[in-house]
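Here's the structure, in C-alpha cells; my notes come after.
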Amino acid sequence: MLAICSIVVVLLIAAVAAVIGCFVVWRKIEYFGDALSHSLMIGAAVALFVDIDQMLIMAAMSLMLAVIVVNLSNSAHGENLVVSILANGLMAFSIVIVFFFKGSGYESFEEFLLGEVKSLSFTDIYVALTLVLLAIFMFYLRWDKWLLISVSKDLSMVDIPNKKRLDMEYYALLSLFIAVTIKIAGILLVTSVLTIPAAIARFYAKNIPSMVFYSLIISLTATALGLFIDYCYGVPFASVTVSLEFTAFVLISLIRKSNVFIT
C-alpha cells in the first residue's frame, strides 16, 4: 500500500514540477532553485538529530529563505548575490553540523543528497499531497498574474500594483515545492527535475499552453520510466529520471542544430 501511494504521489509531484518549471524557465531563475536546495542542506542536517519530521523542517526553512530573498533582492546587493551568499553560508553550516554529529544519523544524510522514493513515509505522502493541492489552488488563483510577471516584467510593473506580494507568493510556493521534493529527488538534482522538461518543451512549443502541455508529458514519462527502473533494478530514481531528461535534451538540441546547418 505504501509503495503504491508513493508512486502516485511522485507522479503528482512530477506534474506539478512540470508547471512550476515552466515559470522558472520563463522567469530565468534557475539559479534560485539550485541555491535554495543547497541552502536547505542545513534543514536536512538538523532533521537528522531532532525528533521532528524532515519535510516539515525543510518546508519551514524554505519559507523563511523565500521571505529573506524577496525582501533583500531590492537592496544594494541584488537578488543573485543575496541568494549566493545564503546558499554557500547555510551549506557550510550544514556540513559543520553533520561533521560534529556524524555518530547519529550521518549515514542517512546521503538520502537528502540523492533522494530515495522508497524511504517515503505516510507522513511524507500526506505533506506532498497537501503541497499538490496547494499548488493547484495557487495556479487557479494566480495563473494570469504570475504569467504576466514571468513573461513581461516591465508590463507587470505597470499593470500589477501588488507585484512584490505576488512574487512572495510564487517564491513561497517554489520554495515549499523544492523543500518537499528534496526527499524524492535529492538536493543535488531537484532543480533539474524542475527545469529540464520545460527546457525541452520550449523547443517545440508554439505558445504558452503547448509548452506547459509538452512539459507535463515529458516530466510524467521520464518519471514513470525512472520509477520503473528504480523498482526493478534499484538504480536511484532521481538519477535515472534526470539522466533520461538530460539525454533527451542533448539529442534534441543536436538534431535541431544539425537541421539548421543542413537548411
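FYI, side chains are in, hydrogens and waters are out, and symmetry mates aren't considered; it's all heavy atoms of this structure.
- Ring geometry for Trp146 against Tyr170 counts as perpendicular: the plane angle is over 60°, on a 0 to 90° scale with 30° as the lower cut.
- To the nearest 0.5 Å, atoms OG (Ser219) and CD1 (Ile20) are separated by 10.5 Å.
- In this structure, CG on Asp144 lies 11.0 Å from CD1 on Ile149, to the nearest 0.5 angstrom.
- One hydrophobic cluster holds both Phe249 and Leu189 under the rule that ILVMFWY side chains link at heavy-atom gaps under 4.5 Å.
- Looking at heavy atoms from C-beta onward, Thr241 lies out of side-chain contact with Leu225 at the 4.5 angstrom threshold.
- Both Val132 and Leu134 are assigned to one and the same hydrophobic cluster, defined by single-linkage of ILVMFWY side chains at heavy-atom distances under 4.5 Å.
- Using a distance-only test at 3.5 Å, with no hydrogens or angles considered, a donor-acceptor pair links the side chain of Ser121 to the main chain of Asp124.
- Phe122 and Leu133 are members of different hydrophobic clusters when ILVMFWY side chains are connected at heavy-atom separations under 4.5 Å.
- Both Tyr214 and Ile252 belong to a common hydrophobic cluster when Ile, Leu, Val, Met, Phe, Trp and Tyr are linked at side-chain heavy-atom distances under 4.5 angstrom.
- Between Leu174 and Leu194, the closest side-chain pair of non-hydrogen atoms falls below 4.5 Å.
- Side-chain N or O atoms of Asp230 include none that pairs as donor or acceptor with a backbone N or O of Leu227 at under 3.5 Å.
- Residue Leu251 belongs to no hydrophobic cluster, having no ILVMFWY side-chain heavy atom closer than 4.5 Å to its own.
- Leu131 is listed as a side-chain neighbour of Phe177, based on a closest heavy-atom distance under 4.5 Å.
- Side-chain contact check for Phe228 versus Val240: every heavy-atom pair is 4.5 Å or farther apart.
- In this structure, Leu244 is not a member of the same hydrophobic cluster as Tyr231, with clusters built from ILVMFWY side-chain heavy atoms closer than 4.5 Å.
- To the nearest 0.5 Å, the span separating CD on Glu245 from CD1 on Ile218 amounts to 8.0 Å.
- The shortest side-chain heavy-atom distance between Leu12 and Val16 does not fall under the 4.5 Å cut-off.
- Note that SG of Cys22 is 10.0 Å distant from CG of Leu147, once rounded to the nearest 0.5 Å.
- For the pair Phe203/Ser253, a side-chain contact is recorded, criterion being any heavy-atom separation below 4.5 Å from C-beta on.
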Check step by step if side-chain contact (heavy atoms from CB on, under 4.5 Å) holds for Val19 and Trp143.
CA-CA 11 Å; Val19 182; Trp143 180 269; 3.6 Å; yes

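- Of the inter-residue distances, the one linking Leu120 atom CG with Tyr126 atom OH reads 13.0 Å to the nearest 0.5 angstrom.
- Not a single donor-acceptor pair under 3.5 Å links the side chain of Thr223 to the backbone N or O of Leu11.
- Counting heavy atoms from C-beta outward, Met211 and Val25 have side chains that approach closer than 4.5 Å.
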